[in-house]
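First up is the structure itself, then whatever we jot down about it.
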Amino acid sequence: MRLFLIGLVIGVILVFIFINFGLTSRLNQPLLFNHKIHKEAGVECIQCHPFFKEQRFSGMPNVTICIECHKDPVTQNPEEEKIREFYKKGKVFRWNRIYEQPDHVFFSHRRHVVLAKMDCKDCHGPIEESEKPLTKAWVKMTMKWCMECHTKKKASNDCLVCHI
Amino acid sequence: MKLSRRDFLKMGGGIGVGIALGGGFWKWGQPPPSSKLLPPGIEKWVPTVCGQCLGGCGILVRMIDGWATNIIGNPLHPINRGALCPKGIAALQGLYDPDRIRSPLKRIGKRGEGRWQPISWKEAIQEISNQLRELRENGEPHKLVVLGGRYRGLMRLLWERFLEVYGSPNYIDNQFRWDGIPMEGLFLTQGIHTLFTFDFENVKYLLSFSAPLLDSYWFPIHALKAFGQFRRGRTGQRGRLVQIEPRLSITGMKADEWIPIQPGTEGILALGIAHMIIKEGLYDKEFVLKNTFGFENWVDSKEQTHIGFHDFVLSEFPPQRVSSKTGIPIDTIIRLSREFATNQPSLAIGYRDRPFHQMAVWALNGLVGAIDRRGGILIPKSIPFQPFPSPSKDRAARKGLERKRIDEVRESPFGIDQPYLFAKNSISGIPYRPKILFLYYSNPFFSNPCPEFFQRAFDQIPFIVSFSPYMDDTTQYVDLILPDHTPLERWQDDPLFLNNGFPVLGIRQPVTPPIHQTRATGDVLIDLARSLGGEIEKAFPWKDFKEVLLYGLKGIYESRRGDVFGLEYDEAWIRMLQRGGWWDPSYKSFEEFWELLLEKGGWWDPIYEFGERERIYKTPSKKFEFYSQGIKGVLLSSKGEEDSSFLPHWEESVPKEEEKYPFILNIFKTMALDGRNANQPWLQGILGPHLFEKWATWVEINPITASKYDISDGDWVWVESPHGKIKVKARLYQGAMPHVVNIPFGNGHRTGGRWSKKIGENPYRLLGLELDSLTGQPIHGNTRVKIYKA
Amino acid sequence: MHRWGMVIDLDKCTACQTCVVACLAENNIALIGPEESAKGRTIHWIELVPYIQGEYPHVKVRLIPRPCMHCDHPPCTKVCPVYATYLNEEGIVAQINYRCIGCRYCTTACPYTVKYFNWYEPRWPDEMRGALNRDVSIRTKGVVEKCTFCHHRLLKAREKAKAEGRDLLPEDYVPACVEACPSGAMYFGDLNDPFSTVSQLSRERRAFRLMEDLGTEPKVYYLSEGM
């Protein structure tokens, strides 16, 4: 019986290893994007994420945006060549999302960035320092985390403010 | 530690259970994948014109990432000004219907069996043009017939042009419906074949003779939007609506008074009311004297005296007689006539009853002068499209056009096409039998009374093509399907007018590229012409239907009238300028005009000119005719010289087998379904709100009658007529007359998608083939049925 | 503070049910087929309720469009064991579907029967998935849902007004049913503002509310038919 229980534990652990492996492997991004270099080159967040001041979502950059600067090689990085390859083949980037709210949460970037005058890093952390794509979120965006900030900033915690 | 085989198995079992449990928990924690929304995107509102019915509403479609996600009314479009009817919103479900026809289909099994093979557009067009070419080579181009249904605009001209250069006189218009526009009444009194409007907004007293104003009006939004204005839009004046109808319909519920009437006797009631108005001298004497013909007795050029409406009505339709036929008390008739005549402006409106019954209702409007006035019947100006150049025809075409039409419509007094005669002649082969039939916007196996008759006719036609985007009862029975786009995917014009007579042209533009491999029928027609070559090809110099549209629009641009849609207050301004001889549009070039049309949704001319007699009265007397001279010329041979044949009169349909079939069958339509749109679940869910009926066909029976027949609410019953029987759910309804049973039309498709196939029953299968001798169309309300428990 | 309310003029209402369909489209309400409908399991946040009085030929039928009344004393919120439904500061009776445990106490408590239970997993054919409204969450099987006065529109309208640096105007926030009404029979606005259309109409002679004697204080007013 003891052995059976040991087996049970091993089994459960195996499952979670598989799931974890599955999740992280999904986070392979189509491009090894380096936020830091771009920031240092003077590129503003809004140039690649064009909508966070006007819409609920910030917008993920696609080939058409990247190619504006990378039409001709800027560096020797082989990753950069990928952009032109994608562009030539008419393909688009399928970024894996790291931060994603469930359907029943109404989150608006504009509300937070424009109206509440928050910075990107308040929720996304020091993303501009990152040299490689993130594999997991900087912060786990739980309801508790949202509500604590709302309390601190005296924003409403009425359920209807976020849940639709 | 040594592992025995037994221990190993134990551990393995543990691991297995562990994986199962862990995996199960994980799976359990995941939301089901189907209920996940797509991520938000940038929204764009594209203006176009709704195509769910003929209301012509301007809509804005909310597009996100190429998906149409919602529809609202276009606030600039003067017909609806931001409002909609339920059908308009459900167009989303029409567009994304999962059971749409996705590519051209060729029949491989027997007709009606439903076995199809998808083919390419090239093959499909090749196949049709081969057939068309062969027919012409055999010298029989007249054997091509097009059966067209309800739609509007240049597409009709395109079909007629195609048939003209091909050499067939046979475009058969199959859009007659009882709840449709009472056009024969207009023709008999004003000599006009075109459309007209009722200026509801300015009416004070509206007398409706079974007109389906709020149930299934021919342009729903016109009535719905006007109703709010009619009731409460004018300070200190609330419009009064009296609904005379055999069934308490939605219109009846919303009316101030519902007066039940024996079905089919609305015409004699109108004459009874006319009798009282004349007897009491309450009619508009000035209007009658100046603008009407045939009111008093008159003498013709041969010095023969004819009886006028005045004497005829006074002698023939006393209230006693009318009361006994209609079942309406005499004092009600007297009261109605006084109310109608004294509450000016008043208006009488009917349905597409038999022609002289329509004329009887029209005569009431003549008596109170409700013609060409505020709160009356208005005749809008037409829209100045650039006419197509007249095509040159080759010998084959000229010969074909000399042939008689298959429905012999040129001999019909009203000039309305006669689909029943087409079917009858196709069966008999006299004068000839069609060889190729095109179906465009027409589904006679479902939406024509006595559908079996059409099936028999189709059995005689060797090659049938349907252009329907959905599988329907008739399309199931054809040889080749060339699926059209749905209205949200195509270019089209939509010429119409407002209730106050202002002409309006909506532009329908694609909001999304075609979702499936469908093609606009206009484009296909141009392709067909091209593949036939010769004069036919030359008659179609356009690349596609969009070019046809642009060609037609040139005429509007050059007419120097009207403007593109603007805000409501713009209207007064444009009108003022135009009256003063100024015309100051918001565009300078045709390109600018076109761009503005696409941005705003269309063009309109906010002007109605009263008192243009040539436009209002096209009768021989150039007046409103109580005695129809227009029809007299055509009818003489068949009906004789009897004066009463040309005055509004009543034609009684004699009840048959009253003992065997005790009930009169009254078929009505609902706002949601009028023959189309059964594939849209939202509309299926709102069919009969007064009885909470959804997704069904039911029969409304008076509770006292039902108890006599031992029928309870919700029982399944057979409704049987001499022509057929259907099984429907019985619903007891206090708004049903004791000897009349009411069944809604709209469901009962024998084929179609998952949401329309085999839902409910089609009451048109209970109807026989009793046609009106003048129009060639079925007669309303003269079928009797019996009911028994299933 | 706003206090949102609605006025429906039954004299102008044509019973066309545009409001019903507009709501279905706006709020991603599940498609309920014929068999399920026959069991009375359809979901309509706004629905026409018939009142048939009298006998033939003296019949009067009233069809009353009935959304959630958003009562000031809502009976439904008092019975909710998990605070999934409650009255918020602006007078909207909220229903937080993800919080709901599906006990259906509130559906029983509501005298207007505006609360609907999801008997089935809402499903759409793949061809239709993208046509859903991305502003409104999809419910799951086993939760209760109801009219929210299109609260998501308020969120968006308020955000827009604030971003443009102005106050919320009455025309900024209109529920889908009111927006679509062809005869202009429906009005929506702030009942606290004494000059708003709804507040003026709610004080009109013809104004009444459904089941007023229950003391629920609904915020949906009706204007009766006739003079």
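Throughout, protein chains are lettered first and strands after them, A, B, ... in sequence-line order, and every chain is numbered starting at 1.
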Phe86(A), CZ atom: more than 12 neighbouring heavy atoms under 6.0 Å = yes
Chain C heavy atoms under 4.5 Å from Leu115(A): which part of the residue, side chain, backbone, both or neither?
-> side chain
Which donor-acceptor pairs sit under 3.5 Å apart between chain A and chain C?
unit_1: Arg56(A); atom_1: NH1; unit_2: Arg134(C); atom_2: O; d: 3.3
unit_1: Arg56(A); atom_1: NH1; unit_2: Asp135(C); atom_2: OD1; d: 3.0
unit_1: Ser108(A); atom_1: OG; unit_2: Glu159(C); atom_2: OE1; d: 2.8
unit_1: Ser108(A); atom_1: OG; unit_2: Glu159(C); atom_2: OE2; d: 2.8
unit_1: Arg110(A); atom_1: NE; unit_2: Glu159(C); atom_2: OE2; d: 3.0
unit_1: Asp158(A); atom_1: OD1; unit_2: Tyr86(C); atom_2: OH; d: 2.1
unit_1: Asp158(A); atom_1: OD2; unit_2: Asn88(C); atom_2: ND2; d: 2.9
unit_1: Cys159(A); atom_1: N; unit_2: Tyr86(C); atom_2: OH; d: 3.0
unit_1: Leu160(A); atom_1: N; unit_2: Tyr86(C); atom_2: OH; d: 3.2
unit_1: Leu160(A); atom_1: O; unit_2: His151(C); atom_2: ND1; d: 3.4
unit_1: Ile164(A); atom_1: O; unit_2: Ser137(C); atom_2: OG; d: 2.3

Using non-hydrogen atoms and a 4.5 Å limit, figure out which bit of Val161(A) sits close to chain C: side chain, backbone, both or neither.
-> backbone
